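The structure under discussion appears below in the form of structure tokens.
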Amino acid sequence: MLNEVRRVLRAGGLAVIYEDIPLTLWDQGVCWIHNQTWRGRTGPCTFRRESGWRALFESFGFEIMSERSLSRWRNLTHPVHRRLYVLKEHPNDRACPRDC
């Protein structure tokens, strides 16, 4: 998915991503149930901790412009810790100009 974001993101554009973070045992249980429910349709779900998301974004050449926690109570049917990230492509990681 991050490769596709890089491909379609305009120069100077931002990507907004929010992810479930399995911070507590409760969160891990909710994420496990989510994975059991959806993996047959979408493939296995990958739940990472905050440091794992930061490392993944960096490995794809993104810079985190902003990040913050979201309330687990925004979705009462899926009450899990969430984190919102605003990403920008790191200018030094562009392999070639936009017109190539």
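Count residues from 1 along the sequence. No experiment lies behind these values; they were computed from the predicted model shown.
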If hydrophobic clusters are built from ILVMFWY residues whose side chains come within less than 4.5 Å, do [X] and [Y] share one?
X	Y	value
Val86	Leu70	yes
Val80	Leu25	no
Leu76	Val30	no
Leu56	Phe62	yes

To check you understand the geometry: which heavy-atom pair defines the closest contact between Val5 and Ala15, and what is its length? CG1-CB, 3.8 Å
Nearest heavy-atom neighbours spanning Glu89 and Leu9: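 Minimum heavy-atom contact is N-CD2, 4.2 Å.
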Given side chains that start at C-beta, do those of [X] and [Y] come closer than 4.5 Å, heavy atoms only?
X	Y	result
Trp38	Asn35	no
Tyr85	Phe57	yes
Ile17	Met1	yes
Val16	Leu84	yes
Trp53	Ile21	yes

Give every residue pair that meets the side chain to side chain donor-acceptor pair (under 3.5 Å) criterion with at least one member in residues 59-69, sequence neighbours excluded.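 The answer is Arg54-Glu67, Glu67-Arg83, Ser69-Arg83.
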dist Gln36:CD -> Cys31:SG (nearest 0.5 Å) comes out at 12.0 Å
So which pairs with a foot in residues 11-32 pass salt bridge (Lys or Arg N to Asp or Glu O under 4.0 Å), sequence neighbours left out?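 Residue pairs passing salt bridge (Lys or Arg N to Asp or Glu O under 4.0 Å), neighbours aside: Asp20-Arg82, Asp27-Arg72.
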Which residues share a ring-ring contact (aromatic ring centres under 6.0 Å, His included) with Phe47, sequence neighbours left out: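 Phe47 satisfies ring-ring contact (aromatic ring centres under 6.0 Å, His included) with His34 only.
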